[in-house]
Amino acid sequence: MTPEENNETTETLGQNLIGNGVSRRTFLKFCSTVASAMALPPTAATAMAETLSKATRQSVIWLSFQECTGCTESITRSHKPTLESLIFDFVSLDYHHTLQAASGDAAEHAREEAQKAHKGKYILIVDGAIPVKDDGVYSTIAGITNLQMLKDVAADAAAIVSVGSCAAFGGLPKADPNPTGAVAVSDIIKDKPIINIPGCPPIPVVMTGVLAHVLTFGIPELDSHGRPVAFFGESIHDRCYRRPFYDRGLFAKAFDDEGARKGWCLFEVGCKGPTTHNACATVKWNNGTSFPIQSGHGCIGCSEPDFWDAGSFYKALSTGSMNPGEWATDALLAGAAVGVASGILNKASKSKAEKNHKPVTLEDMGGKNE
Amino acid sequence: MNLIDIPVKTLDKPTGMANAVMNELSDHLKRLADDGETNIVDLMSLPMTEADINELADMLGVGEVKATISSIGTSSIRETAYRGIWWVTHYGDDEQVLSELIEITQVPDILITHMDEIRHSAQAMATVN
């Protein structure tokens, strides 16, 4: 369906779903799962299903910039249709350069047509950071810089959803030394409502949940980082099933000690759960199988700004400070003490990037260094 | 090798959460009985261990209604021994639990056939006959 045809249709989403064989029970199940994940009031699932079924399909333009496609993979990766992927039945995805069949001029034409047909009404989803150094030449699509394309498409959007830590906070491209001058969407666009859904990648149901909320109840309540409070209001630590061990002072000191085997708290081996806000502990990953802490590894804090530059993933929060600079010093000293980082120290003067490289030491991992 | 074959297990003991949830359900059931007010408790939003969930299931018991819905994975709806308290579990296509709810209601919404679908079916049936 072209955007023009879509614009003319008055078919509601409910009618569309029945026609496509998606039952109302499936629809209600989706809404129940979303409402549960978003901690919405008990009646929200039914209200959400009713509201969505009466709406027309929302036009969505998805722009991918400096990214690894992990965010798209997260939401679409499945051999069978999943409940999360149903969101693609609820919206009219008019442009997504990885998923669409069209390429070249036809693809860019589809984007321009959707912009015109749904001017002021479409939702713009962005994944990836935007390089701004040297006028943004470091990432282009169809000869247009990411910077220019974002400005053009954002101008007529109703709202913007920044998916993934790169679009939300700059992510890996922005990590020190940030050679392309990468920034977040919110650093460039100042006059549109922006919802940040960080994570590397974000949890699929968090993405679909926020989109479903936008389609039904509008923009959800956001925290100071522009993240929906429903998913990012509490820390991993708050909802961690290992929290009782933390409260009782029972910690794994290394990844292979008795505490680790007994499933004790991973705080002392570097878990960033206490300072990280996300829904991993409740929603979990890989079809609800587990989340990093459940698999025996601490949280690395991927949904927080600049987490790449916040020091070693294996350094306990209590032994450092939240200042990345101080963490860097600690990590280098730890490496020097056991001689693991001596090679790095010898070459320290060669380049800034090398000097700033902070290797993970055996000691960081909680191993014995004798 | 499967995950369950790895010979490292974490302890899974009841933490007392089941008792706390039972208190909340008791309050909700009284509201349903007195005012017809329905409610839902979302078990996945609570920090419950598998042992807690099992303990709660034992406390609530098994009632006389059991229904299964097949739609992108299954959904299991069971009335507990306390009439009006339903245990609803939505599974994904790989049998993973998507949401686990305790509904305090006469009948969970998901069991009721929606009027839009009844109308659609009526049209389809009229076409066939």
Side-chain angles (χ1 to χ4, degrees), chain A residues 12 14-15 17-19 22-30 32-46 49-50 53 78-86 205 238-245 256 260-264 279 281-284 286-290 294-296, chain B residues 3 6-13 15-17 28 37-50 52 69-75 77 88-105 108-121 123-124:
Chain A
T12 65
Q15 291 164 333
L17 290 178
I18 290 174
V22 178
S23 79
R24 283 298 288 255
R25 291 195 177 96
T26 302
F27 193 31
L28 190 55
K29 181 171 163 179
F30 170 86
S32 287
T33 303
V34 165
S36 167
M38 295 193 76
L40 294 173
T43 53
T46 307
E50 284 299 311
S53 70
S78 175
H79 297 293
K80 289 176 277 185
T82 61
L83 217 54
E84 288 94 341
S85 66
L86 267 182
V205 79
D238 289 335
R239 290 304 184 102
C240 182
Y241 77 104
R242 296 196 190 209
R243 176 67 187 264
F245 295 114
D256 58 353
R261 281 192 288 273
K262 287 184 172 173
W264 290 353
T282 48
V283 177
K284 301 189 180 178
N286 296 324
N287 298 333
T289 303
S290 66
Q294 195 174 349
S295 303
Chain B
L3 199 61
I6 298 170
V8 177
K9 305 287 178 218
T10 55
L11 295 179
D12 188 21
K13 288 181 178 172
T15 63
M17 277 298 290
H28 288 323
E37 182 185 318
T38 61
N39 236 306
I40 298 175
V41 173
D42 177 7
L43 295 182
M44 287 184 78
S45 72
L46 301 172
M48 296 179 82
T49 63
E50 202 174 322
D52 288 332
I69 296 169
S70 300
S71 67
I72 307 188
T74 59
S75 294
I77 295 104
V88 179
T89 311
H90 294 304
Y91 297 92
D93 56 340
D94 294 327
E95 290 303 301
Q96 77 279 14
V97 176
L98 295 176
S99 54
E100 190 141 48
L101 312 163
I102 306 286
E103 297 203 23
I104 304 93
T105 180
D109 281 345
I110 200 155
L111 283 179
I112 301 167
T113 306
H114 197 277
M115 284 308 294
D116 283 353
E117 290 196 317
I118 291 174
R119 283 189 279 269
H120 188 263
S121 287
Q123 279 177 3

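Throughout, a chain's letter reflects where its sequence line sits, starting with A, and its residues are numbered from 1.
Of the listed residues (B:E100, B:H120, B:E103), the one with the most heavy-atom contacts under 4.5 Å to chain A is B:H120.
Smallest separation of non-hydrogen atoms from B:I72 and A:T26: CD1-CG2, 3.9 Å. Contact detail for A:I18 and B:E117: the closest heavy-atom pair is CD1-CG, 4.2 Å.
Taking OG1 of A:T33 as the start and CG of B:D42 as the end, the distance is 9.5 Å to the nearest 0.5 Å. To the nearest 0.5 Å, atoms CG (B:D116) and CG (A:L17) are separated by 10.5 Å. Going from atom OG of A:S23 over to atom CD1 of B:I110 covers 8.0 Å, rounded to the nearest 0.5 Å.
Shown are B:I112, B:T113, B:D109, B:L111; of these, the side-chain contact (heavy atoms from CB on, under 4.5 Å) with A:R25 is made only by B:T113.
When heavy atoms are compared at a cutoff of 4.5 Å, B:I69 approaches chain A solely by way of its side chain, counted from C-beta outward. Contact of B:L46 with chain A is made through the backbone alone, with heavy-atom distances under 4.5 Å.
Between A:K29 and B:L98 there is a side-chain heavy-atom pair separated by less than 4.5 Å. Side-chain contact between A:E50 and B:H114 is present, with at least one heavy-atom pair separated by less than 4.5 Å.
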